[in-house]
Amino acid sequence: MEHTRRNKIVDVLKSKEFGKEVVVKGWVRTKRGNKSVIFISMNDGSAIHNIQVVADATGFDEDLLKQINTGACIAVTGTLVESVGQGQSVEVQAKQIEVYGIADPLVFPLQKKGHSLEFLREIAHLRPRTNTFGAVLRIRHAMAFAIHKYFNDQGFFYIHAPIITGSDAEGAGAMFRVTTLDDKNPPLLPDGHVDYAQDFFGKETKLTVSGQLEAELAAMALSLVYTFGPTFRAENSNTPRHLAEFWMIEPEMAFYDIGDNMDLAENFLKYLIQYALDNCIDDLEFLNKMYDNELINRLREVIGDKFERLTYTEAVDILVASGQQWEFPVSWGTDLQSEHERYLVEKHFGKPVILTGYPKEIKAFYMKQNEDGKTVRAMDVLFPKIGEIIGGSQREENLEALLRRIHEMNIPEKDVWWYLDTRRFGTVPHAGFGLGFERLILFVTGMSNIRDVIPFPRTPKNAEF
RNA sequence: UCCUCCUUAGCUCAGUUGGUUAGAGCAUCUGACUGUUAAUCAGAGGGUCGCUAGUUCAAGUCUAGCAGGGGGAGCCA
């Protein structure tokens with residue numbers, strides 16, 4: 001019973017009850033001192049800050065003190081006292097120390113000195129014990145919680161879209177196959193292709209690339225819904241902004257048009273950033289100091305400004321008139337490149353931008369066509385440093401128009417019969433968008449590589465841990 | 001996938017026009033020190049220079065291939 005009692009370090013650091021007995025448990029960050037007095041900094045993940053434990057060296061067994069190295073897990077029972085030293089206001093005067101687990105300093109890879117983020121990726125199983133990943137993981141948690149809170153408060157319902165899908169029509173990228181067939185000797189059809197009728201599901205199945213289509217089905221009953229789950233892309237993308245496995249938030253709203261959709265996206269993002277500032281300021285200040293001196297300023301600026309809204313056509317005009325030399329030339333009908341998006345967000349407007357009215361040729365089949373016959377009601381939210389953080393659209397609710405696009409893009413009708421049914425029975429104008437969770441975390445933490453904002457990144461050639 | 005750069009001690013990095021026994025800081029170990037703040041001071045140990053082949057009297061250094069990683073680009077969230 002004694003062993004289960006514990007005071008969280010985050011609470012002890014705030015406490016003013018000097019003289020009271022406390023029990024702190026956690027992992028040793030540093031130990032320093034001399035023959036007579038030992039200082040141990042320990043952290044239990046409850047906060048970025050460590051608690052300092054002071055131990056009278058003569059009062060403890062020498063072998064016990066030798067086991068207290070960086071990385072060891074210990075429990076300390078002691079008295080909360082006002083600190084004599086400069087670096088902290090409270091500390092624990094140790095009466096009893098128990099070592100739960102040693103960390104042999106000859107082989108334990110983490111040191112009290114800083115490590116490169118690249119090195120830490122190779123020891124992703126231990127990197128949560130660093131200040132940086134502790135901060136990132138706490139912020140990641142806070143953002144996941146805030147997402148659910150926001151939508152719950154707004155009357156949205158959380159829908160669990162399937163991870164395994166038989167639908168191949170989402171068009172969002174290459175997919176991973178899911179199969180239980182014998183990889184050395186799969187059943188074959190007479191034409192030499194694999195006979196998926198004999199597979200687990202009786203058909204070919206993949207990991208989902210998006211929960212959007214399923215979210216649309218739910219929105220046609222519950223009006224306001226969202227998904228929040230893992231999605232998978234088998235693209236050979238090697239960039240600091242892409243993962244093969246990432247989490248996506250996809251709200252879908254019946255009775256919303258593209259304007260309502262933009263309003264929601266802007267309000268939602270600002271809420272999340274404000275939530276981080278209100279609830280994670282210690283972690284943000286650490287990241288601001290160590291990685292990105294502009295981080296907190298940038299978060300405040302994004303909240304303070306109204307996002308700039310303009311059409312693709314207006315954006316192309318601005319880019320053409322800018323006189324900039326582009327690596328990829330700009331003209332109406334081509335997709336905007338990173339350099340163009342960066343120019344609009346970081347140079348021309350100096351704040352987040354929402355672009356709408358893209359040419360239909362460069363967007364997905366389900367997007368609502370405008371009356372001009374050339375553009376669709378798509379919207380991309382572009383953020384400084386990140387680029388596209390949200391992609392969304394008003395959906396095509398008209399059955400004939402949707403069928404026309406499906407045929408133009410050679411999507412087999414039989415693959416999406418269930419989706420088309422929603423346009424046959426009680427169709428309604430509706431809209432939605434997708435927010436890449438890790439891109440949000442990149443923006444909020446100021447980290448620059450997406451592999452450092454997810455516990456175990458999945459990228460081409462890397463599925464360790 | 002394309003372009004480009006990188007790979008030297010446990011970590012972070014130096015290493016000159018190719019030339020004896022490959023260096024530093026931190027970490028580790030030993031010792032000193034009665035309040036430290038990534039403690040400090042003194043000493044010690046620690047390296048198949050990513051792998052393979054080649055050029056050369058001589059390769060950490062030059063060349064090629066391969067592997068891993070970073071940055072940029074494309075695909076997108």
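Throughout, a chain's letter reflects where its sequence line sits, starting with A, and its residues are numbered from 1.
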With 3.5 Å as the limit, what N/O pairs link the protein to nucleotides 10-15 of chain B?
unit_1, atom_1, unit_2, atom_2, d
B:G10, N2, A:Gln111, OE1, 3.1
B:G10, N2, A:Gln111, NE2, 3.2
B:G10, N3, A:Gln111, NE2, 3.3
B:U12, OP1, A:Ser116, OG, 2.7

Inset, instruction - In whole angstrom, give me the gap between the P atoms of B:U63 and B:U56. - result: 16 Å
Legend entry - Touch class at under 4.0 angstrom, heavy-atom based, for A:Lys31 against every strand present: nothing
Inset, instruction - Quote, to the nearest angstrom, the C1' distance that separates B:U12 from B:C41. - result: 23 Å
Inset, instruction - By nearest nucleotide on RNA chain B, pick out whichever of A:Lys35 and A:Ile362 is the more 5' one. - result: A:Lys35
Inset, instruction - Looking at every strand, decide which applies to A:Phe328 at a 4.0 Å heavy-atom threshold: base, sugar-phosphate, or nothing. - result: sugar-phosphate
Inset, instruction - State the CE-CZ distance between A:Met253 and A:Phe433, to the nearest 0.5 angstrom. - result: 6.0 Å
Inset, instruction - Check whether the aromatic ring of A:Phe246 stacks on the base of B:A77, taking stacking as ring centres less than 5.5 Å apart and planes within 30° of each other. - result: yes
Inset, instruction - Test A:Phe151 against every option in A:Tyr158, A:Tyr226, A:Phe228 by the ring-ring contact (aromatic ring centres under 6.0 Å, His included) rule and name the one that passes. - result: A:Tyr226
Inset, instruction - Under 4.0 Å between any heavy atoms, over every strand shown, what does A:Glu245 touch: base, sugar-phosphate, or nothing? Just pick one. - result: nothing
Inset, instruction - Indicate whether any N or O donor in one side chain lies under 3.5 Å from an N or O acceptor in the other, for A:Asp263 and A:Asn261. - result: no
Inset, instruction - Scan A:Ile38 against the nucleic acid and name what it touches under 4.0 Å (heavy atoms): base, sugar-phosphate only, or nothing. - result: nothing
Legend entry - C1' atoms of B:G60 and B:C51, separation to the nearest Å: 15 Å
Inset, instruction - Can you label the angle between the A:Phe383 ring and the A:Phe443 ring as parallel, tilted or perpendicular, going by 30° and 60°? - result: perpendicular
Legend entry - C1' spacing across the pair B:G15 / B:C6, given as an integer number of angstrom: 16 Å
Inset, instruction - Using the C1' atom as the reference point in each nucleotide, state the distance between B:G46 and B:U1 in Å, no decimals. - result: 42 Å
Legend entry - N/O (side chain, A:Arg32) to phosphate O (OP1/OP2, B:U34) under 4.0 Å: no
Inset, instruction - Taking only the side-chain nitrogens and oxygens of A:Asn238, find out if one of them lies under 4.0 Å from OP1 or OP2 of B:G71. - result: no
Inset, instruction - Could you check which of B:G74, B:G70, B:A77 has an atom nearest any side-chain atom of A:Ser338? - result: B:G74
Inset, instruction - With C1' as the reference atom in both, quote the distance from B:C26 to B:U40 in angstrom, rounded to an integer. - result: 14 Å
Legend entry - Minimal non-hydrogen separation, A:Ile102 against A:Val99, with atom names: CG2-CG1, 3.9 Å
Legend entry - A:Lys385, NZ atom: more than 12 neighbouring heavy atoms under 6.0 Å: yes
Inset, instruction - Using side chain to side chain donor-acceptor pair (under 3.5 Å) as the criterion, list what pairs up with A:Asp56, not counting sequence neighbours. - result: A:Thr58
Legend entry - Any A:Asn236 side-chain nitrogen or oxygen under 4.0 Å from OP1 or OP2 of B:U1: yes
Can you check nucleotides 40-49 of chain B for protein contacts, nitrogen or oxygen pairs under 3.5 Å, and list what you find?
none

Inset, instruction - State whether the distance check finds a donor on one side and an acceptor on the other, under 3.5 Å, for side chain A:Ser237 versus base B:C75. - result: yes
Inset, instruction - Please measure how far the C1' atom in B:G71 lies from the corresponding atom in B:G45, and state the result in whole Å. - result: 38 Å
Inset, instruction - Respond yes when some side-chain nitrogen or oxygen of A:Arg451 is under 4.0 Å from OP1 or OP2 of B:G69, and no when none is. - result: no
Inset, instruction - Please state whether the phosphate of B:G35, meaning OP1 or OP2, lies under 4.0 angstrom from any side-chain nitrogen or oxygen of A:Asn34. - result: yes
Legend entry - Ranges pairing with ranges for RNA chain B, where each run has three or more Watson-Crick or G-U pairs under 3.5 Å: B:1-7 with B:67-73, B:10-13 with B:23-26, B:28-32 with B:40-44, B:50-54 with B:62-66
Inset, instruction - Between A:Asn462 and A:Leu336, just flag the one whose closest nucleotide in RNA chain B comes earlier from the 5' side. - result: A:Asn462
Legend entry - Near-strand residues of residues 343-357 of chain A, defined as heavy-atom separation under 4.0 angstrom from RNA chain B: none
Legend entry - C1'-based separation of B:A77 from B:U7 [nearest Å]: 32 Å
Legend entry - Test side chain to side chain donor-acceptor pair (under 3.5 Å) applied to A:Asp260 - qualifying residues, sequence neighbours left out: none
